[in-house]
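Here is the structure we will look at, set down as structure tokens.
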Amino acid sequence: MLTLGEAIARSLWAKDLTPEQLARVERETCERIIQAGDFVCHRGDRPEYWFGVIEGLVKMSSDSEAGKAVTLTSVPAGGWFGEGTLLKRELRKSDFVALRTSRLAFMPYRTFAWLLDTSIAFNQFLLHQLNERLGQFVGFVESDRIDDTNARVAHCLASLFNPILYPGMPMDVPISQAEIALLAGASRQSTNQVLRILEERGLLRVGYGSITILDLDGLRKFSG
DNA sequence: TCATTAAATTGTT
DNA sequence: AACAATTTAATGA
């Protein structure tokens with residue numbers, strides 16, 4: 001199992017830190033286990049940490065007043081999230097929920113701010129990540145307006161496995177069809193049908209509570 | 001280790 | 001939205 005220190009050390013933003021800088025980050029960052037279904041943080045919280053997923057899967061979601069839930073995006077192992085409101089010093093605008101029991105790194109704001117002040121590589125990483133996320137969400141909007149349900153599910157899955165945002169993401173991930181439906185903005189029933197179509201075409205394999213991506217590029221290009 | 005049961009997830013209407 | 005079928009996890013002999 002990956003230790004907290006290893007998880008930090010192999011993060012993209014840690015590559016160009018000096019050993020002293022890395023040591024400080026490791027000293028000040030703590031690890032917490034979030035049970036499946038539990039919140040990492042709530043909307044309205046004052047942001048105090050930058051979060052890294054060591055192991056597991058976390059979704060960013062919102063609940064409407066009517067009780068309808070939508071998933072904005074998911075963060076797999078190796079991904080870091082929460083920098084948006086941390087940078088702006090605003091209250092959290094959405095919930096983060098563990099989709100399954102996950103091990104998270106909690107980096108305090110002061111450590112995050114210190115890295116921002118001292119490491120050019122860290123700034124470059126954030127710029128890169130924010131840009132990549134912007135592209136991801138533009139893609140979501142485009143997909144929402146243009147694609148039919150089949151293509152939307154395919155494209156949502158492709159963006160979940162984005163190797164630029166989430167390097168080292170295993171192509172086999174435990175996630176239920178109900179969660180995929182929330183992510184793609186489709187019903188569970190139609191998601192189920194789409195997954196079978198995608199499996200027929202050899203783009204992925206569906207298992208019990210999990211999917212395996214076989215052809216990421218094929219998912220990206222999928223239409224009709 | 002195996003059988004039983006409950007819970008979660010999937011597949012269909 | 002409801003239901004049945006299937007798979008997994010948990011429990012205890």
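Values in this document were obtained by computation on a predicted structure and should not be read as measured data. Letters A, B, ... mirror the listed sequences (proteins, then strands); counts begin at 1.
Considering A/M169, A/M171, A/R205 in turn, A/M171 is the only one that fulfils the side chain to side chain contact (heavy atoms under 4.5 Å, CB included) rule with A/I213.
If you measure from atom CG of A/N192 to atom P of B/dA8, you get 19 Å, rounded to the nearest angstrom. The distance between atom CD of A/Q193 and atom C1' of B/dT12, rounded to the nearest whole Å, is 8 Å. Look at CD on A/Q177: it is 13 Å from P on C/dT7, rounded to the nearest Å. A straight line from CZ of A/R196 to C1' of C/dT6 spans 12 Å, rounded to a whole angstrom. Rounded to whole Å, the distance from CD1 on A/I211 to C1' on B/dT9 is 14 Å. Between A/I175 atom CD1 and B/dT9 atom P the separation is 11 Å, expressed in whole Å.
For A/R152 and A/F140, the positive end is not near the middle of the six-membered ring at less than 6.0 Å and at most 45° from its axis. Figure legend: cation-pi geometry between A/R32 and A/Y49, with NZ or CZ positioned under 6.0 Å from the six-membered ring centre and within 45° of its axis.
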For this session: Could you walk me through whether A/R92 and A/T85 pass side-chain hydrogen bond (donor to acceptor under 3.5 Å, both in side chains), step by step?
Result: CA-CA 6 Å; A/R92 295 258 180 237; A/T85 47; 2.5 Å; yes

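Residue A/Q177 comes nearest to A/T191 through the heavy atom pair O-CG2, 3.9 Å, listed as atom of the first residue, atom of the second, then distance.
A/L183 places a side-chain heavy atom less than 4.5 Å from the side chain of A/S74.
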For residues 153-164 of chain A, please give each side-chain donor-acceptor pair under 3.5 Å, one per line with the distance, not counting sequence neighbours.
| from | atom 1 | to | atom 2 | distance (Å) |
| --- | --- | --- | --- | --- |
| A/H155 | ND1 | A/D147 | OD2 | 2.5 |
| A/H155 | ND1 | A/A151 | O | 3.3 |
| A/H155 | NE2 | A/R220 | O | 3.1 |
| A/H155 | NE2 | A/F222 | O | 2.8 |
| A/S159 | OG | A/C156 | O | 2.9 |
| A/N162 | OD1 | A/I164 | N | 2.7 |
| A/N162 | OD1 | A/L165 | N | 3.1 |
| A/N162 | ND2 | A/E132 | OE2 | 3.4 |

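Across residues 202-209 of chain A, A/Y208, A/G209 each have a non-hydrogen atom less than 4.0 Å from an atom of DNA chain B (numbered order).
Using a 30° and 60° split on the angle between ring planes, A/W80 and A/W13 fall in the perpendicular class, above 60°.
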Kindly give the atom pairs (protein nitrogen or oxygen, nucleotide nitrogen or oxygen) under 3.5 Å for nucleotides 2-5 of chain C.
none

